[in-house]
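Notes follow the structure.
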Amino acid sequence: MKVILFGASGMVGSAVLRESLLATDVEKVLTIGRSALKLTHPKLESIVLNNLYDYQDVMEIIAEYDACLFCLGTSSGDRSEEEYIQLNQTLPLTVAEAFHKANPEMAFVYISGKGTDSTESGKVAWARIKGKTENSLLGIGFKAVYLLRPALIIPKNGEQSKTTVYRLLYRYTGWAMQMVQGLFPSMITDTEKMGRAIFNLLRKNAASAVIENAQINAIAK
């Protein structure tokens, strides 16, 4: 398969990139972002775009790929509600609509979060926003859409969160979280499982679109 990856420099995105480069059935990986990756690999290519809301010039390239893995996002504590909507709703939907136009047979994978509100009517703003994003993605018409809802994600292979409080949490309590991870499959996963689960979903064409934390762990095996 050939995959396009957004957010390759983030904690989850870098783990997904690692798994894609290790996977023997992944032929080509294209990263899209505002800056180039320092990593080089025979099956890795990159497109640098100043404007991540415009894909007119790369539609023919996009059309050649089988899946888009959207791992780009931000914590609700890092941004205002307006900025959070822009990065966690407007951007992924802009990407999805452009990619569906280029290739409607593509699969689209979106990293959401545990507690996302599919009704779009709850009191928690971030949960409503991501709920609307999920619902809109399901309505675009892709061959397959997978909405992963991880809870606590432990970094496994050198990945780091860009959020300071999470980095400190993993630094000082990561060892404890790893020890109890198996006891709380619905609450804890890790970056390696995230990457493996995504590619196993693409390989098996899972029937369910919404993938909760416990399912992520199970599918990753």
Side-chain angles (χ1 to χ4, degrees), residues 6-7 10-13 15-16 52-53 68-100 107-142 144-155 159-174 176-177 180-181 183-191 193-194 197-198 201 206-220:
F6 283 81
M11 187 178 82
V12 172
V16 174
L52 293 180
Y53 296 87
C68 175
L69 317 179
F70 197 91
C71 304
L72 184 62
T74 183
S75 168
S76 59
D78 292 341
R79 310 277 180 167
S80 66
E81 184 171 332
E82 182 179 349
E83 290 174 317
Y84 189 82
I85 290 172
Q86 192 71 19
L87 291 171
N88 292 278
Q89 187 176 101
T90 307
L91 180 56
L93 292 181
T94 298
V95 170
E97 287 165 2
F99 281 35
H100 179 262
F108 196 95
V109 177
Y110 175 67
I111 306 302
S112 188
K114 187 174 179 64
T116 293
D117 180 12
S118 298
T119 71
E120 305 179 32
S121 60
K123 295 182 179 180
V124 181
W126 76 262
R128 291 196 311 270
I129 293 164
K130 286 207 167 185
K132 184 173 182 178
T133 303
E134 286 189 355
N135 292 337
S136 298
L137 288 171
L138 290 171
I140 287 176
F142 283 106
V145 173
Y146 299 116
L147 310 165
L148 276 70
R149 294 180 174 182
L152 182 62
I153 307 173
I154 303 171
E159 300 94 1
Q160 283 196 346
S161 172
K162 292 185 177 181
T163 304
T164 302
V165 66
Y166 291 155
R167 286 201 305 273
L168 292 174
L169 176 67
Y170 299 137
R171 182 183 302 171
Y172 294 111
T173 66
M177 288 188 287
V180 301
Q181 182 177 357
L183 300 176
F184 301 97
S186 66
M187 293 302 300
I188 305 175
T189 187
D190 59 57
T191 51
K193 286 186 174 65
M194 289 289 293
I198 286 173
L201 283 167
S208 175
V210 176
I211 313 297
E212 298 286 357
N213 197 92
Q215 293 172 284
I216 292 170
N217 289 330
I219 292 168

Would you say [X] and [Y] make side-chain contact, with heavy atoms under 4.5 Å?
| X | Y | value |
| --- | --- | --- |
| D117 | K130 | no |
| Y84 | I129 | yes |
| L91 | L72 | yes |
| T116 | L147 | no |
| I111 | I198 | yes |
| R149 | V210 | yes |
| C68 | V95 | yes |
| I85 | W126 | no |

- Task: Before giving the answer on side chain to side chain contact (heavy atoms under 4.5 Å, CB included), spell out for T133 and Y110 the whole-Å C-alpha distance, their side-chain angles and the decisive distance to 0.1 Å.
- Result: CA-CA 9 Å; T133 303; Y110 175 67; 3.7 Å; yes
- OG of S80 to CD of Q86, rounded to nearest 0.5 Å, is 10.0 Å
- To the nearest 0.5 Å, what is the distance between CE (M194) and CD1 (I154)?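 Nearest 0.5 Å value for the CE-CD1 distance: 12.5 Å.
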- Do the side-chain N and O atoms of N213 and S186 include a donor-acceptor pair separated by under 3.5 angstrom? no
- Message: So which atom in A206 and which in L201 form the shortest heavy-atom distance, rounded to 0.1 Å?
- Response: CB-CD2, 3.5 Å
- Item | Heavy-atom closest contact (S118 atom, N135 atom, distance) | O-ND2, 2.8 Å
- Decide yes or no on side chain to side chain contact (heavy atoms under 4.5 Å, CB included) for F108 and I140, but give the supporting numbers first. CA-CA 10 Å; F108 196 95; I140 287 176; over 6 Å; no
- Evaluate the side chain to side chain contact (heavy atoms under 4.5 Å, CB included) criterion for residues M187 and K114: first the C-alpha distance (whole Å), next the side-chain angles of each, then the deciding distance (0.1 Å), finally the verdict. CA-CA 9 Å; M187 293 302 300; K114 187 174 179 64; 3.4 Å; yes
- Item | Short N-O contact, K132 and E120, less than 4.0 angstrom |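 So K132 does not pair with E120 through a salt bridge.
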- Item | Check: F99 ring centroid to F6 ring centroid under 6.0 Å | yes
